Amino acid sequence: MSVSRRTLLTTAAGTAVAATSIAPPAQAAREVPGRAAALRTLQETADYAVAKLRAVAPGVSDFPVGTKFEKWTYSQNGDWVGGFWPGTLWMAWLHSGDERFRTLALASAKKLAPRQDDTGTHDLGFLFYPSWVTAWRLTGDDTWRAGALRAASSLIRRYNAKGRFIRAWGALNDPANAGRVIMDTMMNLDLLAFASSQTGDRKYLDIAVEHARTTQRNFPRPDGSTPHVFDFDPASGAPLGPATVQGYSPASCWSRGQAWGIYGFTTTYRRTGHREFLTTARKLADFALGALTPDNVPVWDYLAPQAPNDIKDASAGAIMACGLLDLSEATGEPRYREAALRLLNALSRTCLTTKSTRAEAVVARCTRNRPSEDGVEISLPYADYYLLEGILRVLRPDDIDRAIDLSTV
């Protein structure tokens with residue numbers, strides 16, 4: 001069921017009042033009765049996450065980036081993941097109605113203010129959408145909207161018009177990596193769609209569409225797998241070829257990158273109505289679903305030599321589940337929703353920190369950067385965020401729409 005643009009505007013304008021009460025979940029009643037046990041599992045997981053956050057969040061002063069011996073390590077400026085901590089707190093507030101989470105989410109998001117003008121990263125969508133855009137949608141305070149728009153203006157400065165892509169890494173005046181594009185950027189494009197919808201200036205969305213088309217032309221292989229990186233000549237814009245940083249090789253398929261692509265292409269379709277993006281999202285999803293092991297927890301790279309008997313990345317499963325729920329709504333195909341429910345339940349059954357008394361995160365068994373031996377099967381802040389987002393998409397779709405906009409043009 002698509003949410004109209006009119007509903008979006010009404011929601012954004014009225015959330016300061018509407019957000020004062022949280023209704024109980026209603027979606028479960030609309031599910032097939034045979035799914036009752038799975039839905040109970042998701043409810044229990046969300047309750048566990050809220051309890052964990054109640055215990056941990058008051059002591060968090062910076063931005064969690066990953067765990068070491070089950071305890072969060074932090075970044076003061078947020079690195080590229082800073083938006084996920086306030087985003088997770090917003091998810092906890094939506095599920096529980098506990099005003100402490102709302103207060104903590106706003107305080108955490110404020111600390112990202114200096115990053116509005118950061119032109120040295122493509123990750124401004126990750127930083128500002130789950131934190132500042134969500135804050136605006138749930139409070140109506142225009143300070144958050146203005147900051148998100150400023151971040152979008154910083155992001156489009158990284159656009160290479162000749163190659164029609166947004167540069168991933170490096171300062172604007174740094175020739176290193178100047179032609180490097182990564183799949184992750186598909187998830188930063190929604191900040192640009194937001195900017196166009198709010199300002200009426202199409203330049204933001206036009207850049208997002210051109211970047212998505214460049215990614216679509218160069219990343220997907222015939223079987224639907226993708227590399228992490230594709231390089232271009234920054235001067236001419238000519239494509240050079242695939243590469244990788246976090247995958248096993250340029251010919252492999254890093255599972256989290258594949259998940260970014262599924263979710264990102266589906267979102268770009270929802271914001272534009274261009275069916276070519278929906279076709280690409282389906283192609284990527286079908287490959288990933290075919291590569292899953294029977295336990296429904298992705299390995300870190302679907303095409304690494306030891307796959308499928310390899311270490312896991314639960315964060316890829318959480319991100320993929322959110323994208324599949326979107327994809328099911330966009331295509332009308334229940335099989336994508338069924339797959340998302342399997343993923344969410346698998347993560348809930350086998351990847352939570354419930355057996356540890358010292359763990360500060362919710363989700364375990366995540367892998368940050370396997371080739372660098374950096375964070376192998378640890379906890380990561382985006383795994384907690386997307387697991388909660390996915391569960392609330394199932395249990396509380398109306399509340400999630402208020403937070404992140406599930407509308408389709």
Side-chain angles (χ1 to χ4, degrees), residues 80 117-127 151-193 195-196 201-254 256-258 260-265 267-269 271-272 274-281 283-284 287 303 369 371-372:
W80 71 272
D117 300 312
D118 187 350
T119 60
T121 178
H122 71 122
D123 286 316
L124 292 169
F126 283 131
L127 288 168
S153 293
S154 296
L155 178 56
I156 62 173
R157 292 185 60 188
R158 301 185 64 77
Y159 182 63
N160 182 311
K162 289 190 176 180
R164 299 183 179 182
F165 61 80
I166 295 171
R167 171 185 179 168
W169 296 312
L172 297 179
N173 60 356
D174 184 354
N177 295 313
R180 183 144 277 200
V181 176
I182 64 175
M183 182 60 79
D184 317 38
T185 307
M186 287 300 304
M187 289 293 291
N188 289 299
L189 302 184
D190 205 24
L191 181 66
L192 302 183
S196 279
D201 188 339
R202 285 195 55 87
K203 68 182 179 184
Y204 302 98
L205 186 60
D206 287 346
I207 286 173
V209 167
E210 289 302 324
H211 178 91
R213 286 176 172 157
T214 298
T215 304
Q216 181 182 56
R217 283 193 302 270
N218 293 284
F219 277 73
R221 305 181 184 109
D223 64 358
S225 65
T226 60
H228 176 209
V229 176
F230 202 95
D231 288 322
F232 297 83
D233 183 319
S236 68
L240 299 178
T244 197
V245 173
Q246 290 178 260
Y248 180 83
S249 76
S252 70
C253 184
W254 178 50
R256 190 159 69 245
Q258 191 81 0
W260 295 137
I262 294 165
Y263 195 164
F265 274 110
T267 301
T268 306
Y269 162 73
R271 302 301 184 228
T272 64
H274 296 337
R275 294 196 67 83
E276 64 198 87
F277 299 135
L278 188 61
T279 299
T280 299
K283 187 175 183 179
L284 270 57
F287 174 84
L303 295 177
N369 189 332
S372 296

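Because the structure is predicted, anything quoted here is derived from the model rather than measured.
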Arg180 versus Val245, closest heavy-atom pair with distance: NH1-CG2, 3.8 Å
Contact summary for Arg164 and Thr214, nearest pair of heavy atoms: O-OG1, 2.5 Å
Quick one: does Arg158's side chain have a donor or acceptor within less than 3.5 Å of a partner on Ala168's backbone? yes
Distance-minimising heavy-atom pair for Leu284 and Gln258: O-NE2, 3.1 Å
With His228 as reference, evaluate Trp254, Phe219, Trp260 under the ring pair (Phe, Tyr, Trp, His ring centres under 6.0 Å) test and give the passing residue. Trp254
Quick one: closest heavy-atom pair of Asp174 and Ala176, and the distance? OD1-N, 3.0 Å
Indicate yes or no for a side-chain donor-acceptor contact from Asp233 to the backbone of Ala238 under 3.5 Å, with no hydrogens or angles considered. no
How long is the span from the CG atom in Asp190 to the OG1 atom in Thr268, to the nearest 0.5 Å? 7.5 Å
How close do Ala212 and Leu189 get, heavy atom to heavy atom, and via which atoms? CB-CD1, 4.0 Å
Looking at Arg157, I want to see if its CZ is surrounded by more than 12 non-hydrogen atoms of other residues, nucleotides or ligands under 6.0 Å. no
Give a yes or no on whether the backbone of Asp201 and the side-chain of Ser196 come within a donor-acceptor separation of less than 3.5 Å. yes
Straight-line distance of Asn218 CG to Phe232 CZ, nearest 0.5 Å: 4.0 Å
Between Thr267 (side chain only) and Tyr263 (backbone N and O only), is there a donor and an acceptor less than 3.5 Å apart? yes
Within a 6.0 Å radius of atom OH on Tyr248, are there more than 12 heavy atoms belonging to other residues, nucleotides or ligands? no
Within the side chain of Asp231, is there an N or O that forms a donor-acceptor pair under 3.5 Å with the backbone of Leu240? no
